[in-house]
Amino acid sequence: MGCAAKPDESQFVAWQSTHYVLSQCFSELVVSRPTARAWPVIFEYELPRERGRRPDVIILTAETILVLEFKDFAAPLRSHLDQVTAYCRDIRYYHSESHTCAVSPLLVLTKYAGISLVQDNVEVASANSLSETLNRLVPTNSDDPVDVGKWLSGDYDPLPSLITAARLIFAHESLPQIRRARSAGIPDALAQLHAIADRAEQNRECHLALITGVPGAGKTLVGLQFVYSKHGEEQSSGKKAVFLSGNGPLVKVLQHVLKSSVFVQDVHGFLKQYGGDKSARPLEHIWVYDEAQRAWDSTRVQGMRGHPASEPEDFLRIGERMPAWAMMVGLIGQGQEIHVGEEAGLQQWNDAIAAMKRPWVVHCPDTVSHFFKSAASVVRNDKLNLTASLRSHLAEDVQDWVMQLLDGKIEEAADLAEKVNSQGFNMYVTRSIDTARGYVQQRYHNADEKRYGFLASSKARNLAAHGVQNGFMFTRRLREGRWFNDGPESRFSCCALHDVATEFQCQGLELDFPIVCWGDDLLWSGTGWASRRSTRSTAKDPHRLRLNSYRVLLSRGRDGFFVFVPDDEVMDATFSVLCSAGLRHQQPSELTMFETSLSAEAASKPL
């Protein structure tokens, strides 16, 4: 299949080596198993919609699909095993012609001289043992003819990242028909929002609709789709909508990828123009507010904008000034409050309703309906609750693992970690940043669409000594749009492993494999988590904000994550408890010459 970029000489050498090994293998195999002559062999199959991800070889049989990855090594690396396992996971899950087949990973090491072995459910073979391995892995009842053309033309519907999904929506392209998106209830939630908008307009009413869900469940995607669909309607209907967020980096990244500031805007600029005692009214009748539970309280608004009203009050008063009708949509996350002034949560939306002159109808899932005692009426609707994380592929227990860890329930977290890892979501911990760096560079080598990078808490003070520049003077220069969107060849890309994003810059966004750098601002005390006291903090509960910051950092990954814990004595207990919670420890000894050279090259560039 096609390549994402022109192959270099080393790629041609690798292809020649692969072809030679397979030719020798099948020459031996067909002697004892003549039917193997009919097995279709696919070289360099590029996974559709995922530029650069190409399993080296796929062998099709009637009931078994073998995915082969060739490496010029004498021993398997962790990144090799995870790479070929991820290929199998995605082909099995997203390829329409592979759902009913067994999809098995096979790592072929051309410098390995031993017999075949199984490591972490991956068959590892040498060039000499490949023939015997194929014969053993493919049952004799799988030798029936296979329609290779049908397989190649099968639908492949991968899970898009938020950035990719936004690009598809606003380019008038349909999103993949993701089964998990349907099971999570995204189409149903969109249908409910359209019905609420119709009712608000027809009855000339004010409505507040709340979408809840776990991190990564698609709340932001629902909001973007809803806003875009309203822009596609007749202008005379007055249904134009806008997506608003107080998350500045998210706004910058979406505006960068969409090349537009019409659909996605900064909430603070919006409220500065229309809030407070302003009489101006926006053109849009529908406002979608991302992370609405993080709306500023009155104290924060007074300090920043000079009038004593919370952001929910500002929004609802704007709604009351609108001609005929208004609809406010709040996208509600869990445990995402990380800024001072965001701690009042949903209660302040009820308080705002109580201060209004016009009646407001609230639509929300039953789990949050008890907040809204001041509403004219509350319509309980569980179709507005998104229940499954889309971000983490098959690992639906990742969010629960993060919760158990940060709640200090270490044994429960360890039990969940075993299940999470078995689902194909990889969670590692290391005390060597080069180990984490080498892993992601090796695993995603030539995978242009994959994203990995350094994440760190903004309050950690000990990371700079280890090359992680998470201080304000460094992170304030981060160009979020380019960091998340640029290709790996760009100096400004996250994949350059140069700049560091904090919890404020990555919230609401995602990477395929973040390297979470754990700092001294949240340490394990032996019985629970402790955060550093700050006499200057005005937060009502600074420890909760620290926990939420790490909740954000640990919830960004799509394929998994690496946690880097500095090799300092003060960090020893934290490292130990992360291992006890189920993170698999990767040591520097697992680095190879290839990984070391990549790490050295990246490390030579100052962070």
Side-chain angles (χ1 to χ4, degrees), residues 212 214-216 219 245-250 267-268 289-304 310-312 330-349 399 401-409 454-463 468 470-472 474-476 478 480 500-509 514 516-525 527-556 561 563 565 570-571 574 577-578:
T212 63
V214 298
K219 299 182 297 295
S245 176
N247 184 342
L250 174 66
V267 71
H268 304 304
Y289 187 7
D290 195 27
E291 300 290 354
Q293 83 286 353
R294 297 174 54 201
W296 285 358
D297 59 24
S298 57
T299 302
R300 181 71 167 167
V301 173
Q302 176 72 61
M304 298 301 292
S310 68
E311 286 189 340
L331 309 179
I332 308 298
Q334 299 174 354
Q336 305 287 302
E337 301 81 19
I338 58 177
H339 285 277
V340 172
E342 296 179 347
E343 299 164 274
L346 282 179
Q347 182 58 47
Q348 63 179 340
W349 287 92
Q399 307 304 331
W401 179 86
V402 173
M403 180 181 68
Q404 300 284 21
L405 172 72
L406 296 178
D407 284 348
K409 299 177 181 178
F454 290 124
L455 304 180
S457 167
S458 62
K459 301 298 183 183
R461 295 177 179 174
N462 64 330
L463 293 176
V468 181
N470 64 313
F472 176 73
F474 288 92
T475 59
R476 68 193 289 264
L478 185 76
E480 290 92 346
V500 181
T502 69
E503 67 272 27
F504 302 119
Q505 294 161 316
C506 70
Q507 188 174 42
L509 294 157
V516 179
C517 303
W518 201 293
D520 58 359
D521 56 327
L522 188 67
L523 299 174
W524 184 254
S525 68
T527 57
W529 294 104
S531 56
R532 186 174 51 243
R533 294 181 180 274
S534 174
T535 56
R536 295 183 299 173
S537 175
T538 59
K540 299 173 183 176
D541 187 350
H543 180 61
R544 175 54 53 185
L545 295 185
R546 285 298 88 222
L547 290 172
N548 285 349
S549 292
Y550 278 85
R551 193 185 314 278
V552 168
L553 296 172
L554 292 169
S555 301
R556 299 306 96 197
F561 59 79
V563 175
V565 181
V570 70
M571 304 297 298
T574 298
V577 81
L578 290 173

Using side-chain hydrogen bond (donor to acceptor under 3.5 Å, both in side chains) as the criterion, list what pairs up with [X], not counting sequence neighbours.
| X | value |
| --- | --- |
| Asp520 | Arg532 |
| Glu311 | His268, Tyr289, Arg305 |
| Ser298 | none |

Parallel, tilted or perpendicular: rings of Trp401 and Phe561 (30°, 60°):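 Phe561 and Trp401: tilted rings.
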Pair Tyr550 + Trp518: ring centers closer than 6.0 Å: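 Aromatic pair counts; centres sit under 6.0 Å.
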Just verifying a value: how many Å separate [X] [atom1] and [Y] [atom2], rounded to the nearest 0.5 Å?
| X | Y | atom1 | atom2 | result |
| --- | --- | --- | --- | --- |
| Thr299 | Met304 | OG1 | CE | 13.0 Å |
| Lys459 | Arg461 | NZ | CZ | 9.0 Å |
| Ile332 | Arg294 | CD1 | CZ | 11.5 Å |
| Leu405 | Leu554 | CG | CG | 6.5 Å |

Salt-bridge criterion met for Glu503 and Arg556 (N-O under 4.0 Å):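 Salt bridge between Glu503 and Arg556, a charged N being under 4.0 Å from a carboxylate O: no.
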Where do [X] and [Y] come nearest, in terms of heavy atoms and distance?
| X | Y | value |
| --- | --- | --- |
| Thr574 | Trp529 | CG2-CZ3, 4.0 Å |
| Leu553 | Val516 | O-CG2, 3.5 Å |
| Gly330 | Ala292 | CA-CB, 3.7 Å |
| Leu455 | Val500 | C-CG1, 4.3 Å |
| Gly519 | Leu523 | O-CD2, 3.9 Å |
| Asp521 | Arg546 | OD2-NH1, 3.0 Å |

Check: Gln505/Thr475 side-chain N/O donor and acceptor closer than 3.5 Å: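 Note: Gln505 and Thr475 side chains miss the donor-acceptor criterion.
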Asp297 and Ser310 side chains, donor-acceptor separation under 3.5 Å: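 The answer is no; no qualifying pair exists.
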Side-chain (Asn470) to main-chain (Ser457) donor-acceptor, under 3.5 angstrom: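 Such a contact is found between Asn470 side chain and Ser457 backbone.
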Asn548 side-chain N/O to Arg551 backbone N/O, donor-acceptor pair under 3.5 Å: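 Judged by distance alone, no pair lies under 3.5 Å.
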